[in-house]
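First the structure, in the form of structure tokens, and then the observations on it.
Remember, it's a predicted structure, so these values are computed and weren't measured experimentally.
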Amino acid sequence: MKRCDIAAALASEEPRDEIVIKGWVRTRRDQKGFSFLELNDGSCLANIQAVVDEGSEGFERILEMNTGAAVGVTGALVPSPGKGQKWEIKARRVELIGPADAETYPLQKKRHTDEFLRSIAHLRPRTNKFGAMFRIRSETAFAIHDFFRGRGFINLHAPIITGSDCEGAGDMFRVTTLDLGQPLPKDAVEADFFGKESFLTVSGQLSAEVFALSHSKVYTFGPTFRAENSNTARHAAEFWMVEPEFAFGDLHDNMDLAEDCLKHCITHVRTHCAADVELFAKWVEPTLNAQLDAILARPFTRLPYGEAMEILAKCGKTFEHPVGWGKDLQTEHERYLAEEHFGGPVIVYDYPKEIKAFYMRQNDDGRSVAAMDVLVPRIGEIVGGSQREERLDVLERRIAELGLDPAGYWWYLELRTFGSAPHAGFGLGFERLLMLLTGVTNIRDVLPFPRTPKHLEF
Ligand code: 4AD
Ligand code: MG
């Protein structure tokens with residue numbers, strides 16, 4: 001007989017004579033002549049209870065069915081007399097599939113710290129909190145695809161190994177097959193696998209721009225890599241980014257898209273992962289629901305960078321980092337604006353060109369570019385994007401000004417030579433979105449296997 005997910009069993013409309021459940025024991029309680037097993041299989045937050053009496057086949061091994069053991073139960077799905085659960089299983093047969101030692105299994109009943117759980121990344125997803133987290137992560141990925149598909153965007157798989165540095169920030173991981181334990185050959189770059197320098201991508205944007213100028217509306221959603229040595233709670237060396245790119249649109253269309261996308265994901269996840277989100281509202285961030293309601297309730301504030309700087313300069317708060325035209329917004333500034341000043345998401349736009357990447361479209365004032373960052377409470381920047389420079393001469397001048405080698409961008413410049421069109425896009429940090437959705441404050445706790453400086457668990 002086929003195994004039934006616990007989620008499906010608990011959602012059953014009526015009792016069933018025969019059901020097979022397989023999962024891991026969360027707890028076992030023994031009474032005279034029978035035992036209760038609480039099982040979880042990861043399909044939902046809730047456990048299902050199995051009542052196993054001494055007449056059941058396999059009962060002789062019940063004392064080995066400890067917390068953490070994998071077991072199978074066959075029996076009837078019957079109404080549960082216990083409160084809080086609609087159904088339980090009256091077992092006819094139990095099977096110990098994989099034992100777990102009661103003394104050494106690291107996840108016993110007590111609550112564990114996030115730090116400890118990070119050190120056991122192979123067992124962490126078996127806890128309630130991380131079980132919920134990675135169901136939410138999966139559902140949020142679905143919400144992203146659902147949103148863009150619904151708007152006619154084509155999903156593009158951008159390459160992970162690249163020869164170009166999109167952001168020009170230089171914090172890229174190098175890809176090589178050369179043995180670093182050996183002296184490097186002469187002409188190492190030519191001798192290497194691709195015969196040229198190659199890196200892990202920091203962004204799929206440049207590939208997305210190519211396809212925006214053929215398919216009009218595209219998005220990438222994949223892993224990106226940054227070798228920034230910033231050990232913060234918001235940066236990971238490997239993270240996922242959602243990058244829509246569309247032709248025939250401008251910065252304001254871009255803001256609308258980012259706002260709609262965030263709101264769609266919040267609504268979708270609250271609808272489809274209600275119990276999992278509730279866990280975070282109960283145990284992690286008590287104001288989570290109020291915060292998410294507030295984000296959905298009204299349009300995001302839109303604020304030119306210059307005005308943002310004035311607000312920060314006049315607010316009377318002392319910041320660690322200086323403010324003023326030309327200075328980049330730091331997390332402390334972003335959070336002040338989103339949390340304290342506006343009490344909700346803020347889209348800051350028209351940044352000075354000096355602090356933004358080469359590809360952003362220059363504004364008529366000669367000093368700013370059509371860039372935008374979406375800032376949200378608790379996190380700061382969650383989205384960074386821009387309208388791209390579509391004018392060949394302006395782009396060429398900017399590349400020269402920055403001392404970049406135009407030869408490396410020949411194809412990017414050709415896109416401006418043949419059928420150039422206004423286009424725009426953004427990058428949404430997927431982990432930061434998950435932090436927003438759950439109230440979790442450390443990016444390491446929304447990644448299944450976080451990679452940060454000096455940390456790489458298998
Ligand atoms: O602002 P960023 O650097 O923008 C780009 O890479 C553009 N090429 C995107 C585009 O226009 N297509 O990164 C975009 C977002 C940030 O707002 C942030 O949410 C996230 O990616 N991000 C990180 N998330 C986790 N760890 C890191 N180290 C991150 N760096 C950026
Ligand atoms: Mg950015």
Problem - Electrostatic pair R3:D41 at N-O distance under 4.0 angstrom - result: yes

Exercise for the section: Supply the atom-to-atom distance T220 OG1 to E243 CD, rounded to the nearest 0.5 angstrom. Expected result: 4.0 Å

Practice task
Salt-bridge test for R444 and E457: reply yes if a basic N is under 4.0 Å from a carboxylate O, no otherwise.
Solution key: no

Practice task
Indicate whether the side chain of Y359 and that of E209 have a donor and an acceptor atom separated by less than 3.5 Å.
Solution key: no

In residues 149-157, what donor-acceptor pairs under 3.5 Å come from side-chain atoms, sequence neighbours left out?
| from | atom 1 | to | atom 2 | distance (Å) |
| --- | --- | --- | --- | --- |
| R151 | NH2 | D260 | OD2 | 3.0 |
| N155 | ND2 | Y219 | O | 3.1 |

Problem - Stacked cation flag R302 on F300, 6.0 angstrom / 45 deg - result: no

Practice task
Scan for salt bridge (Lys or Arg N to Asp or Glu O under 4.0 Å) pairs involving residues 305-314, sequence neighbours excluded, and state none if there are none.
Solution key: none

Practice task
Over 60° means perpendicular and under 30° means parallel, so classify the ring planes of Y349 and H252, tilted if in between.
Solution key: perpendicular

Exercise for the section: For residues P304 and V348, report the shortest heavy-atom separation together with the two atoms involved. Expected result: C-CG1, 4.4 Å

Exercise for the section: Report the relative orientation of the aromatic rings in H333 and F319; use parallel for angles under 30°, tilted for 30 to 60°, perpendicular for over 60°. Expected result: perpendicular

Practice task
Answer yes or no: is there an ion pair linking E340 with K317, defined by an N-O contact shorter than 4.0 Å?
Solution key: yes

Practice task
Find out whether L206 and T162 are in side-chain contact, i.e. whether some heavy atom of one side chain is under 4.5 Å from a heavy atom of the other.
Solution key: no

Practice task
List the atom of K356, the atom of M360, and the distance in Å for their closest heavy-atom pair.
Solution key: CB-SD, 3.5 Å

Exercise for the section: Applying side-chain hydrogen bond (donor to acceptor under 3.5 Å, both in side chains), run through H235 and T232 and close with a yes or a no. Expected result: CA-CA 6 Å; H235 291 87; T232 79; 2.6 Å; yes

Exercise for the section: Please determine, by modelled atom types, if E278 and N289 share a side-chain donor-acceptor pair under 3.5 angstrom. Expected result: yes

Handout entry: Ion pair check, E389 and R391, cut-off under 4.0 Å
Key = yes

Practice task
Indicate whether the side chain of D114 and that of N442 have a donor and an acceptor atom separated by less than 3.5 Å.
Solution key: no

Practice task
Evaluate the ring planes of H268 and F142, with Trp represented by its six-membered ring, and classify them as parallel (under 30°), tilted (30 to 60°) or perpendicular (over 60°).
Solution key: tilted

Problem - Electrostatic pair E431-R234, nearest N-O below 4.0 angstrom - result: no

Exercise for the section: Any chance you could measure T224, atom OG1, to F239, atom CZ, to the nearest 0.5 Å? Expected result: 3.5 Å

Problem - F280 CZ to L434 CG distance, which is reported to the nearest 0.5 Å - result: 9.5 Å

Problem - F194 side, atom CZ; T177 side, atom OG1 - distance, nearest 0.5 Å - result: 8.5 Å

Exercise for the section: For the residue pair F449 and F458, categorise the inter-ring angle as parallel (less than 30°), tilted (30 to 60°) or perpendicular (more than 60°). Expected result: perpendicular

Problem - Gap between atom CG of D276 and atom CZ of R137 - 0.5 Å precision - result: 15.0 Å

Practice task
Report yes if the side chains of R378 and Q291 come closer than 4.5 Å at any heavy-atom pair, otherwise no.
Solution key: yes

Handout entry: Heavy-atom side-chain contact between H455 and P450 under 4.5 Å
Key = no

Practice task
Decide if the gap between the ring center of F221 and the ring center of F430 is smaller than 6.0 angstrom.
Solution key: yes

Practice task
Under the ring pair (Phe, Tyr, Trp, His ring centres under 6.0 Å) rule, collect the residues that match up with F134, sequence neighbours excluded.
Solution key: none

Exercise for the section: Pick out which of V376, I379, D445 makes a side chain to side chain contact (heavy atoms under 4.5 Å, CB included) with M435. Expected result: I379

Problem - K282, NZ: over 12 other non-hydrogen atoms inside 6.0 angstrom - result: no

Problem - Candidate list V383, L251, D373, test side chain to side chain contact (heavy atoms under 4.5 Å, CB included), partner F426, passing option - result: V383

